[in-house]
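Below, chains carry the letters A, B, ... as their sequence lines are ordered, and counting in each starts from 1. Side-chain atoms are counted along with the backbone in the values below, which use heavy atoms only and exclude waters and symmetry mates.
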Number of protein chains: 2
Amino acid sequence: MRAQVVTIQDVARAAGVSPATVSRVFNGGNVTPARAQSVQRAAAALGFAPNRVARSLRKQRSSVIALIIPDIENPFFTSLARGVEDAAQRTSLSVVLCNSDEDTEKERRYLEVALGEQMAGVIVAAASRDETDLGPLTARGVPVVAVDRRPRDAEVDAVRVDDHHGGEVATRHLLQAGYRRIACVTGPEGASTSEERLAGYRAALTAAKGAGASDDSYVRHADFRVEGGRAAMRELLSLPEPPDAVFVANNLMTIGVLDALREAGRTPPDVGVLSFGDVPWASLVRPSLSAVELPSYELGRTAAELLLQRMDGGAAPLQTVVLRTTLQVRESTGGPAAARGA
Amino acid sequence: MRAQVVTIQDVARAAGVSPATVSRVFNGGNVTPARAQSVQRAAAALGFAPNRVARSLRKQRSSVIALIIPDIENPFFTSLARGVEDAAQRTSLSVVLCNSDEDTEKERRYLEVALGEQMAGVIVAAASRDETDLGPLTARGVPVVAVDRRPRDAEVDAVRVDDHHGGEVATRHLLQAGYRRIACVTGPEGASTSEERLAGYRAALTAAKGAGASDDSYVRHADFRVEGGRAAMRELLSLPEPPDAVFVANNLMTIGVLDALREAGRTPPDVGVLSFGDVPWASLVRPSLSAVELPSYELGRTAAELLLQRMDGGAAPLQTVVLRTTLQVRESTGGPAAARGA
DNA sequence: TTCAGGGGTGAAATCCTTTTCAGCGGCAGG
DNA sequence: CCTGCCGCTGAAAAGGATTTCACCCCTGAA
């Protein structure tokens, strides 16, 4: 029924050498060329494929690295994943993707798998700042890099963007365009990116209006997904005095926000819309959207490079790389109708 | 430096039992409740986490299943992935995602990893009909399910949609809407879905125009990505007699097609556009797009269920499940301007 | 000529868990 | 009272690779 498995022993027997020699042939030990060739031939003839599980057990480390992301349906993270893959491509490591679905329990399970499978390294965009526990991994010396989101207290290398600054620049731009009642739809409490983008928004408002401006009636926490954005925007539109612009803390929620606006018969730049992160397939959207552009691919690539570096480097001091965002001004923040009318 | 690893031996010693008993506690063997409890306590106290690699080696099977998809940036596949995950969720298996990037070499490596890591099962949307070789996996008795795309000659369960029928229905709809010069932008040669959707298109044209209609001047093979769709549509628009409608064989290429149309100052339904597969975040697109809707999530869920069934089921005969597509008629295929003018 | 060193090799230990096997003790039935 | 069976347990084997260690042989230097 099941074909018997070809082991290193079988190859050794066929080639008339010891298993140790076969192992050396495949791992670059010192072997006489003639012998090496006969081992190669025997292996090919038998269709030998090394048992990675046995190898991992012995070496105490597999040749797979895990990338754990919170939303596989968000193009930001899939682009980031491409960056990780492309960087890992040049090594002998394979990348596997795990989707935590913004669920700390699922994430915990994947972290456990990564630990139990003795993965060579882990790159994680944490589902939560407080509940994501990287302790077991770091305690066992597994290299870990936090990307995009940073878990509190984690002693790991990190790559992220300047969330606070980006949020501030975005909000300032809306102010300068003439909008006055600027709302913020941010992500879940407990995600570092949510909080920092929101903090940037607040900082810009405070700078403009003075210290008394910390009014949170225009702030909504949603779930970083389309539905959440839609619901939040509906709420904002139903306020007695609805906002005339909105800073949305991620790309998918922006889609929901635009939907809600259309429902209400409003379109940018009548209501200003500024997205933190490019809306996917933005070419489809009219009017074109202003956005804080995120280097998603580079985020992934940098994280992978940091991980690789840590994997052979050893005990260099921890580092955090902060990548710059850029504000891309387009039609959706052209200024409120009121301003044009005045 | 590195914290020493807690093994089942350590737990056994701490609890005053043998390693075998500890193993039984964690795997549901017969153990006296009192003893079991003391083992649990010792394990918790020491922070024991089982070494999955050793377990896999002994059991000749890990508790991870691989999902190999050809394009992680395509929402069709990420939705499919969600379906797989949700189905696997109810078991103790973990799903890891591998992105082959439509590259048969990368795919081969991932298949090798899946084999070498002794994964419990593999679900694969094949990068190629001819070059994807599932032989090594099936020969070793690893359960495999082909999803969406089917590799030729593979002796595996499969889940797909009625590509041929869907392509035929789509094309017929364009004909009925009054379009006469209908183009087809399909995927790469060698992908089963490309070929069958194209075949459906041809069948509809032949049925309408008679056997002589097999003119391929309106057929373009692209790469299932945005850029490919854009380039193909540009080509079609530069023909002496450009098409008045286009059937696009996947969602991402449709985005490119729409871009090319906008460049040329044309918009649906002036030129009819019908997409095989929903365009992501279709709510953003005006006019709304007619599409052959694909049950992407169900495709994944069904594949996972088939895999699970095969994993305990044993040697039931191979099966192929074909899910139905549904044609969703919207504005983009309202009929050509010429017809309205006439 | 002798000795040190190094390349090439195989036997055996090692990684950690699961599983088989044999043994022990207790209980039920004859 | 004896036998048979069943539940529980631990010792030991098994799974397949890597790596250590000891050894042999050969070369080059003293």
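Checking P19(B) against A20(A), the closest nucleotide of DNA chain D that is more toward the 5' end is the one next to P19(B). Nearer to the 5' terminus of DNA chain D, by closest-nucleotide assignment, is the contact made by L57(A) (compared with the other of L57(A) and T21(A)).
Of all heavy-atom pairs spanning D157(A) and Q319(A), the tightest one is OD1-N, 2.8 Å.
Side-chain atoms of S62(B) come within 3.5 Å of backbone atoms of V64(B) as a donor-acceptor pair (strictly under, hydrogens ignored). Remark: side-chain polar atoms of S100(A) are paired, donor with acceptor, to backbone N or O of I69(A) under 3.5 angstrom. The backbone N or O of P19(A) sits nowhere less than 3.5 Å from a side-chain atom of S23(A) that would complete a donor-acceptor pair. T132(B) contributes a side-chain N or O that, together with a main-chain N or O of S128(B), makes up a donor-acceptor pair within less than 3.5 Å.
One atom, CD of Q118(A), and another, P of dA17(D), lie 17 Å apart when rounded to the nearest Å. In this structure, NZ of K59(A) is placed 19 Å from P of dG16(D), rounded to the nearest angstrom. The nearest whole Å value for the distance from the CD1 atom in I8(A) to the P atom in dG15(D) is 15 Å. Distance R55(A) CZ to dG15(D) C1': 16 Å, rounded to the nearest Å. The separation between N27(A) atom CG and dA17(D) atom P is 11 Å, rounded to whole Å. Rounded to whole Å, the distance from CD on Q60(B) to C1' on dG15(D) is 6 Å.
Rounded to 10°, the helix from dT1(C)-dA30(D) to dG30(C)-dC1(D) has 40° between the axis fitted to its first five pairs and the one fitted to its last five.
Put simply, S23(A) has a side-chain N or O that comes within less than 4.0 Å of OP1 or OP2 on dT18(D).
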Output one line per pair: protein atom, nucleotide atom from nucleotides 4-7 of chain D, and distance, for all N/O pairs under 3.5 Å.
none

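For dG10(D), its base sits under 3.5 Å from the side chain of R24(B) at one donor and acceptor pair at least.
Residue pairs meeting the side-chain hydrogen bond (donor to acceptor under 3.5 Å, both in side chains) criterion with at least one member in residues 86-97 of chain A, sequence neighbours excluded, are D86(A)-Y297(A). Sorted by first and then second residue, the pairs that involve residues 36-75 of chain A and meet ring-ring contact (aromatic ring centres under 6.0 Å, His included), not counting sequence neighbours, are F26(A)-F48(A).
Residue-level contact check: V31(A) touches the backbone only, with heavy atoms under 4.0 Å from sugar-phosphate atoms and none from bases. Among the protein residues, V17(A) comes within range of the sugar-phosphate backbone only, with heavy atoms under 4.0 Å from sugar or phosphate atoms but none that close to a base.
Contacts between residues 32-53 of chain B and DNA chain D, defined by a heavy-atom separation under 4.0 Å, are made by T32(B), R35(B).
Protein chain A contacts DNA chain C from dG8(C) to dC16(C), reading 5' to 3' and using non-hydrogen atoms of the protein with a distance under 4.0 Å.
Between dT18(D), dA17(D), dA13(D), one nucleotide has an atom nearer to the side chain of T7(A) than all others, and that is dA17(D).
Of the charged side-chain nitrogens involved, none lies within less than 4.0 Å of a carboxylate oxygen, so that E305(B) and R310(B) do not count as a salt-bridged pair. Using a cutoff of 4.0 Å between basic side-chain nitrogens and carboxylate oxygens, E105(A) and R108(A) are scored as salt-bridged. For the pair D101(B) and K106(B), the salt-bridge criterion is met [side-chain N within less than 4.0 Å of a carboxylate O].
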